[in-house]
Amino acid sequence: MPVIVRFAPSPTGFLHIGGARTALFNWLFAQHHKGKFLLRIEDTDRERSTPQSVATILEGLKWLELDWDGDAVSQFERFGRHAEVAKHMVANGTAYYCYASPQELEAMRAEQKAKGLAQRYDGRWRDKSPSDAPSGVKPVIRLKAPQSGETVVHDKVMGTITVQNTQLDDMILLRADGTPTYMHAVVVDDHDMGITHVIRGDDHMTNTFRQVQIYKAMGWNIPEFAHLPMILGPDGAKLSKRHGAPAVSDYRERGYLPEAIRNYLLRLCWSHGDDEIISTPQAIDWFDLGGIGKSPARFDFTKLDSVNAHYIKQSDDRRLAQLSEPIIARTLGRALSLHEIDLLTRAMADLKPRASTIVEIANQAVFYFHTGPLPIDDKAKKLLTDEAKQHLRELATRMEKLAPDSFTSEAVESLFRTYAEEKGLKLGAVAQPFRAALTGSTVSPPIFGVAGLLGKIETLKRAAAA
RNA sequence: GUCCCCUUCGUCUAGAGGCCUAGGACAUUACCCUUUCACGGUAGUAACACGGGUUCGAAUCCCGUAGGGGACGCCA
């Protein structure tokens with residue numbers, strides 16, 4: 001039987017990084033088994049669902065390159081089918097109408113809480129006959145859940161878990177307005193979509209018992225379940241806005257590469273021996289439910305940085321230039337010319353080993369593109385002593401003699417080395433002021449490479465301005 | 001409160017009763033490389049939550065305790 005999985009976000013906000021992990025695992029599982037990865041938007045909550053959220057979520061998935069099969073299914077649009085199934089359950093005796101008002105139920109729960117009891121629906125309409133129905137009240141449909149025995153779930157991650165049926169109440173399947181509850185809609189949709197494996201966050205773990213009861217009431221096949229442990233913030237609390245970057249789009253803005261996010265997320269709660277850097281094709285080949293751990297993982301931004309740094313080093317220079325250009329443009333207040341983008345691309349070999357995000361690359365690259373006076377930071381200014389400037393002037397005279405065509409990093413370097421040797425100086429004594437003059441900073445890519453890239457005219461201009 | 005789940009270095013994890021003197025990665029410390037910062041290389045610090053069992057032998061199996069997370073909506 002072919003594998004069919006789904007990712008089922010509710011469109012009430014952005015794509016959460018935890019949701020991205022769930023999507024990734026589903027996608028990987030489908031790829032591994034050459035099955036299908038479907039997308040279903042759980043938008044039955046009309047109050048909170050928005051089209052913008054749907055768009056944001058789809059955009060996030062696309063950015064992560066987690067392509068789904070077919071069109072995204074809107075759960076809300078299937079409400080007729082949900083009602084049909086609920087009514088069928090009433091007809092076959094596994095569900096019933098309940099006329100209790102929300103206020104009445106709230107009072108019931110308050111009383112249970114006051115008595116220190118578990119808060120559960122007490123089944124007050126379970127055995128009443130339809131003739132007892134008050135007129136003018138729209139009923140909800142509730143599941144007639146088994147009141148004895150136990151419900152067992154064989155989870156692919158958590159193992160076999162059991163709950164006593166006395167712990168579960170008669171949940172609502174269909175609201176008074178005829179729309180389905182989440183619990184009901186998930187089961188009907190998963191069944192109709194032919195979902196074979198339900199892979200989701202373990203906040204749904206205890207819901208699974210109730211969902212299994214619906215499958216059983218309808219006599220449907222129960223899919224396999226795999227519940228993924230939560231992703232926690234660095235402090236061990238549930239990952240949220242407070243931790244800085246809950247949304248997938250945050251990572252994009254901060255200069256992370258999608259393949260790095262995928263690799264990092266994969267390694268949270270899943271492992272393949274000691275392997276850390278795992279390419280996507282390799283991940284597809286290796287991914288299995290058995291490799292998923294049971295305990296929740298904390299999100300570690302530092303480790304993400306190092307994974308990202310790895311993928312940046314591997315990345316194509318042209319792509320990196322394209323990705324960093326908009327950030328440089330924002331700093332400069334103008335777009336880069338094609339010629340400048342070409343320069344940026346050629347600088348990338350020196351830029352990328354010293355950056356862990358695209359944003360860092362961009363920040364380190366800005367100095368190449370200053371056309372006006374170069375801003376020089378305080379540390380760099382201290383390097384430009386009178387003595388250093390004197391050396392720079394002499395060196396400039398020597399550099400003047402190089403033809404523009406032979407103004408290469410090698411040529412400039414050997415010129416500097418010769419000069420330092422003649423004067424009995426350490427290379428750093430002339431290279432550092434040179435760096436300050438060309439980049440305005442004490443930290444930069446190798447300075448002779450910078451000079452070569454900048455070219456004779458710009459290099460001498462900056463040296464003279466210092 | 002009731003129920004369900006989880007617990008190995010600071011963090012992510014390897015580990016399926018003897019291969020464990022508990023391995024790897026990130027972080028961290030020292031050194032090497034070096035024109036700066038990085039990259040890279042070498043070495044080091046650092047963990048089986050606690051208490052009982054079972055067993056010749058337990059990080060691994062069982063039972064408690066503690067801590068953490070989740071669920072208990074006409075939200076998803």
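These numbers come from the heavy atoms of this one structure, side chains and all, not from hydrogens, waters or symmetry mates. In what follows, chains are A, B, ... by sequence order, proteins preceding strands, each numbered from 1.
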So A:Phe434, base contact, sugar-phosphate only, or nothing? Heavy-atom distance under 4.0 Å. nothing
Could you identify the nucleotide paired to B:G1, looking across every strand shown and requiring Watson-Crick or G-U wobble geometry with both distances under 3.5 Å? B:C72
Just the rounded figure in Å: distance from P of B:G15 to CD1 of A:Ile292. 14 Å
Gap in Å between the two C1' atoms, one belonging to B:G51 and one to B:C56, rounded: 23 Å
For B:U54, the nucleotide meeting Watson-Crick or G-U wobble distances (both under 3.5 Å) is none
Base, sugar-phosphate, or nothing for A:Pro445, non-hydrogen atoms under 4.0 angstrom? base
From C-beta outward on A:Met158, which listed nucleotide comes closest to its side chain: B:G24, B:C4, B:C5? B:C5
Expected list for residues 408-421 of chain A near RNA chain B, using heavy atoms below 4.0 Å, is A:Arg417
Between A:Met171 (CE) and B:A71 (C1'), how many Å, whole number? 13 Å
In terms of the angle between their ring planes, are A:His184 and A:His82 parallel, tilted or perpendicular, with boundaries placed at 30° and 60°? perpendicular
When all nucleic acid strands are considered with a 4.0 Å heavy-atom cut-off, which category describes A:Pro446: base, sugar-phosphate, or nothing? base
For the ring pair A:His204 and A:Phe225, is the centre-to-centre distance below 6.0 Å? no
Does A:Arg78 qualify as a cation-pi partner of A:Phe76, given the criterion of NZ or CZ under 6.0 Å from the six-membered ring centre and within 45 degrees of its axis? no
Assign A:Ser271 to base, sugar-phosphate, or nothing according to its heavy-atom contacts below 4.0 angstrom with the strands shown. sugar-phosphate
When you check the phosphate oxygens OP1 and OP2 of B:C6, does a side-chain N or O of A:Lys294 lie under 4.0 Å from one of them? yes
Whether the side chain of A:Asp274 and the base of B:G23 hold a donor-acceptor pair under 3.5 Å is what I'd like checked. yes
Tell me if the side-chain of A:Lys303 makes a donor-acceptor pair with the base of B:A27, cut-off 3.5 Å, by modelled atom types. no
Among B:U36, B:A25, B:C5, the one nearest any side-chain atom of A:Glu276 is B:A25
What's the closest nucleotide to the side chain of A:Arg267 if the choices are B:U13, B:C26, B:C37? B:U13
When all nucleic acid strands are considered with a 4.0 Å heavy-atom cut-off, which category describes A:Ser295: base, sugar-phosphate, or nothing? sugar-phosphate
Under 4.0 Å, counting only non-hydrogen atoms across every strand here, what does A:Leu268 touch: a base, just sugar-phosphate, or nothing? sugar-phosphate
Check whether any side-chain N or O of A:Lys113 sits under 3.5 Å from a backbone N or O of A:Gln119 as a donor-acceptor pair, and report yes or no. no
Taking pairing as Watson-Crick or G-U wobble with both contacts under 3.5 Å, can you name the mate of B:A46, or confirm there isn't one? none
pair_partner(B:A16), Watson-Crick or wobble, both distances < 3.5 Å, evaluates to none
A:Tyr99 vs A:Tyr97 aromatic rings, parallel, tilted or perpendicular, using cut-offs 30° and 60°? tilted
Given that both distances must come in under 3.5 Å, which nucleotide forms a Watson-Crick or G-U wobble pair with B:C39? none
What's the CG-P distance between A:Leu232 and B:U7, to the nearest Å? 14 Å
To the nearest 0.5 Å, tell me how far A:Ile261 CD1 sits from A:Leu266 CG. 12.5 Å
Tell me if the CZ atom of A:Phe79 is crowded by more than 12 foreign heavy atoms within 6.0 Å. no
Rounded to whole Å, how long is the line connecting atom CG of A:Asp235 with atom P of B:G68? 13 Å
Rounded to whole Å, the CG-P distance (A:Asn165 to B:A71) equals 21 Å
Hey, does A:Lys313 reach any base, or is it just sugar-phosphate, or nothing, if we go heavy atoms under 4.0 Å? sugar-phosphate
After noting the C-alpha distance and the side-chain angles of A:Tyr215 and A:His191, does the key distance pass the ring pair (Phe, Tyr, Trp, His ring centres under 6.0 Å) rule? CA-CA 8 Å; A:Tyr215 280 102; A:His191 171 265; 7.4 Å; no
Could you tell me how far B:C9 sits from B:A22 if I compare only their C1' atoms? Round to whole Å. 10 Å
A:Arg200 CZ to B:C4 C1': how many Å, rounded? 14 Å
Under the 3.5 angstrom rule, does the side chain of A:Arg120 hit a backbone N or O of A:Gln167 as a donor-acceptor pair? yes
Could you check whether A:Thr162 gets within reach of a base, just the sugar-phosphate, or nothing at all, counting any heavy atom under 4.0 Å? sugar-phosphate
Can you tell me the base-pairing partner of B:U7? Count Watson-Crick or G-U wobble geometry only, both distances below 3.5 Å, and say none if there is no partner. B:A66
Any A:Tyr121 side-chain heavy atom under 4.5 Å of A:Cys98 side chain: yes
Rounding to an integer number of angstrom, what distance separates B:G41 and B:A27 when you compare their P atoms? 12 Å
First encountered from the 5' end of RNA chain B, between A:Tyr264 and A:Leu427: A:Tyr264
Please give the distance between the P atoms of B:U65 and B:U28 as a whole number of Å. 41 Å
More than 12 heavy atoms of other residues, nucleotides or ligands under 6.0 Å from NZ of A:Lys382: is that the case? no
Between B:U55 and B:C62, how far is it from one C1' atom to the other, in whole Å? 12 Å
Taking only Lys NZ, Arg NE, NH1 and NH2, and the carboxylate oxygens of Asp or Glu, determine whether A:Arg175 and A:Asp177 approach each other closer than 4.0 Å. no
Can you tell me how far C1' in B:A71 sits from the matching atom in B:A76, rounded to whole Å? 13 Å
Check the interface with nucleotides 73-76 of chain B: list each N/O to N/O pair with the protein under 3.5 Å, or write none.
unit_1 : atom_1 : unit_2   : atom_2 : d
B:C74  : O3'    : A:Arg175 : NE     : 3.0
B:C74  : O2     : A:Ala176 : N      : 3.2
B:C74  : N4     : A:Ala100 : O      : 3.2
B:C75  : OP2    : A:Arg175 : NE     : 2.5
B:C75  : O5'    : A:Arg175 : NH2    : 3.2
B:C75  : O3'    : A:Arg175 : NH2    : 3.1
B:C75  : O2'    : A:Asp45  : OD2    : 2.6
B:C75  : O2'    : A:Arg48  : NH2    : 3.3
B:C75  : O2     : A:Arg48  : NH2    : 3.1
B:A76  : OP1    : A:Thr44  : OG1    : 2.6
B:A76  : OP1    : A:Arg175 : NH2    : 2.5
B:A76  : OP2    : A:Arg175 : NH2    : 2.7
B:A76  : OP2    : A:Tyr182 : N      : 2.8
B:A76  : O3'    : A:Glu42  : O      : 3.2
B:A76  : O3'    : A:Glu42  : OE1    : 3.2
B:A76  : O2'    : A:Ser10  : OG     : 3.2
B:A76  : N1     : A:Asn207 : ND2    : 3.4

Check every strand shown and say whether A:Arg298 touches a base, only sugar-phosphate, or nothing at a heavy-atom separation below 4.0 Å. sugar-phosphate
Syn or anti for B:C63, please, going by whether the chi angle lies within 90° of 0. anti
Looking only at atom types and distance, does a side-chain atom of A:Thr331 sit under 3.5 Å from a main-chain N or O of A:Ile327, one as donor and one as acceptor? yes
Distance in angstrom units between A:Asp300 CG and B:A27 P, rounded: 9 Å
What is the separation between atom CD1 on A:Ile447 and atom C1' on B:U34, rounded to the nearest whole Å? 15 Å
With a 3.5 angstrom cut-off on both distances, give the Watson-Crick or G-U wobble partner of B:U34, or none if there isn't one. none
So which one's nearest nucleotide on RNA chain B is more toward 5', A:Gly428 or A:Ala118? A:Ala118
